[in-house]
2 protein chains.
Amino acid sequence: MTGCQSEDDQILELLQALNKGVSPKFERCAGISPTRLRLLHQLFQVEEISQISLQREIDIDPAAITRHLKGLEESGMISRRNNPADNRVTLVSLTPQGRERVHSYKEEKKRFISSLLAGFDEAERKTLEDMLIRLQHNINGM
Amino acid sequence: MTGCQSEDDQILELLQALNKGVSPKFERCAGISPTRLRLLHQLFQVEEISQISLQREIDIDPAAITRHLKGLEESGMISRRNNPADNRVTLVSLTPQGRERVHSYKEEKKRFISSLLAGFDEAERKTLEDMLIRLQHNINGM
DNA sequence: GAAGGATAGTTGACGGGTCAATTAAATAGG
DNA sequence: CCTATTTAATTGACCCGTCAACTATCCTTC
């Protein structure tokens, strides 16, 4: 699957391969896409929140937010209403059923992360986290 | 951008954030998408190759291969012909111009990886690579 | 208070990936 | 031989993200 390349090329390939693996496996395990769970997670720890705040927390395109929320609304997990104090903003909140479901999703996510990090001890996890942060920082600096 | 979560949750978030950053930045730097460059890279070190072999090397969906190759063909980087010995398979090869261009793409990629891994010494790169491999392995085992 | 600019959200088009169904060719097996 | 199966590639439909254009509301400021 991989040819003869420099070590550093390998790291890039690995990052890409890893990413290709993570999302589908996550979704298969948790029963929801990572992004949607992040949305629900945010909503979970807040009574009600505007789409724009949600978008800033999650850091994806407003268009994506709109469509995800539309889907989540159709599945009865969330509800939306206009902010009477400012008709531009729509306020989003978990429905009771949504709040209920998030519990089990979070359990699945926990299990998923355990499997993902199986074999990594505390020190290694910290090292990995630091390295990922450094990579992120390098990326941001481009 | 991130709430209060367990350390391990952080790692998953970081992986996702990193991935979100890498591809667009790569494309901006190198002038081509990572996947397409991987395709070209494979083609570069081979005279001619069937789509199916290419697909197995790159490990993406056949549909994606078809569409990428269509694009690369339109831009004059590659050419395709039927395998006279087996009319099911189409053989793909770099055009001379394509082969020429790959050189500069590879330069850009190198620069990109240097920036990405800036501040990582040899030992750290090795550690990172090992960890990514272990993560990949954990994923595959799901 | 009307004009102009910011802000929130939606929509459409597009790139990149998946899966499922289809076509065309090759290969077995009765 | 002719059918049945496998294989390579393509296509269409969908999900997820982006960007750009648009609408609607609010806020200035003159």
Side-chain angles (χ1 to χ4, degrees), chain A residues 15-28 30-40 48-75 78-92 139, chain B residues 13 15-28 30-40 48-75 78-93 139:
Chain A
L15 276 174
Q16 298 181 163
L18 195 53
N19 182 276
K20 176 168 154 13
V22 165
S23 289
K25 282 289 162 67
F26 182 95
E27 185 152 3
R28 217 171 55 68
I32 193 172
S33 81
T35 300
R36 288 205 176 182
L37 187 45
R38 285 174 63 212
L39 282 167
L40 295 178
E48 199 173 33
I49 188 177
S50 67
Q51 279 192 211
I52 185 99
S53 312
L54 205 45
Q55 183 227 318
R56 293 205 181 105
E57 291 281 350
I58 300 298
D59 191 30
I60 64 176
D61 196 88
I65 294 279
T66 293
R67 284 153 192 153
H68 278 301
L69 292 182
K70 199 171 149 202
L72 290 169
E73 194 171 26
E74 274 165 10
S75 68
I78 65 156
S79 64
R80 294 147 96 197
R81 66 185 186 101
N82 272 26
N83 183 346
D86 182 344
N87 269 297
R88 289 170 302 180
V89 341
T90 82
L91 297 170
V92 190
I139 290 274
Chain B
E13 303 266 337
L15 276 174
Q16 297 181 164
L18 196 52
N19 181 277
K20 177 168 157 2
V22 165
S23 288
K25 283 289 163 68
F26 182 96
E27 186 153 2
R28 216 170 56 68
I32 194 172
S33 81
T35 300
R36 289 206 173 179
L37 187 46
R38 284 174 64 211
L39 282 166
L40 295 178
E48 201 173 32
I49 189 176
S50 67
Q51 278 192 210
I52 185 102
S53 312
L54 204 45
Q55 183 227 317
R56 292 205 180 105
E57 292 281 350
I58 300 297
D59 191 30
I60 62 177
D61 196 88
I65 294 280
T66 293
R67 285 154 190 154
H68 277 302
L69 292 181
K70 200 171 151 203
L72 289 170
E73 195 171 25
E74 274 165 11
S75 68
I78 65 156
S79 64
R80 294 146 95 196
R81 66 185 186 100
N82 273 27
N83 183 347
D86 183 343
N87 269 298
R88 288 170 305 180
V89 341
T90 82
L91 297 170
V92 190
S93 56
I139 290 273

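We use all heavy atoms of the structure for the numbers below, so side chains are in, but hydrogens, waters and symmetry mates are not. So you know, we letter chains A, B, ... as the sequences are listed, proteins then strands, and number each from 1.
For the pair B/Arg38 CZ and C/dG17 P, the interatomic distance rounds to 9 Å; values are reported in whole Å. Rounded to an integer number of Å, the gap from CG of B/Asn19 to P of D/dG17 is 11 Å. A straight line from CZ of B/Phe26 to C1' of C/dG15 spans 16 Å, rounded to a whole angstrom. Taking atom CG on A/Asn82 and atom P on C/dA8, their separation rounds to 14 Å, with Å as the unit. Regarding B/Arg36, its CZ atom lies at a distance of 9 Å from the C1' atom of C/dG15, rounded to whole Å. When the C1' atom of D/dA24 is taken as reference, atom CG of A/Asn83 falls 15 Å away, rounded to whole Å. Put simply, CG on A/Asn87 is 22 Å from P on C/dA6, counting in whole angstrom units. Look at CZ on A/Arg28: it is 15 Å from P on C/dT18, rounded to the nearest Å.
Listed pair A/His68 / D/dC15 fails the phosphate criterion, with no side-chain N or O lying under 4.0 Å from OP1 or OP2. Side-chain nitrogen and oxygen atoms of A/Thr35 include at least one within less than 4.0 Å of the OP1 or OP2 phosphate oxygen of D/dG17.
When all heavy atoms of B/Ile49 and B/Leu54 are compared, the pair lying nearest together is CD1-N, 3.9 Å. In plain terms, the two heavy atoms of A/Arg67 and A/Arg36 that are nearest each other are O-NH2, 4.2 Å. A/Asn87 and A/Asn82 get closest at one heavy-atom pair: OD1-ND2, 3.4 Å. The heavy-atom pair separating B/Val89 from B/Ser50 by the smallest distance is CG2-CB, 4.2 Å. Considering every non-hydrogen atom in both B/Ile60 and B/Gln55, the closest pair reads O-CG, 3.0 Å. Here the closest heavy-atom approach between residue A/Leu72 and residue A/Ser75 is recorded as O-OG, 3.1 Å.
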Per-nucleotide protein contact along nucleotides 6-14 of chain D, 5' to 3', at a 4.0 Å heavy-atom cut-off (B base, S sugar-phosphate only, - neither), is -BSSBBBB-
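Qualifying side chain to side chain donor-acceptor pair (under 3.5 Å) partners for B/Arg28, counting only residues two or more places apart in sequence or in other chains: none.
Taking 4.5 Å as the limit, some side-chain heavy atom of A/Leu40 sits within range of a side-chain heavy atom of A/Ile32.
In this structure, the nucleotide among C/dG17, D/dC16, D/dG17 sitting nearest to the side chain of B/Ile60 is C/dG17.
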Are any protein N/O atoms closer than 3.5 Å to N/O atoms in nucleotides 2-4 of chain D? If there are, list each pair with its distance.
none

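Between the CD atom in B/Glu27 and the OG1 atom in B/Thr35 there is a gap of 9.0 Å [rounded to 0.5 Å].
Contact annotation for B/Ser23: no contact, since no heavy-atom pair falls under 4.0 Å across all strands.
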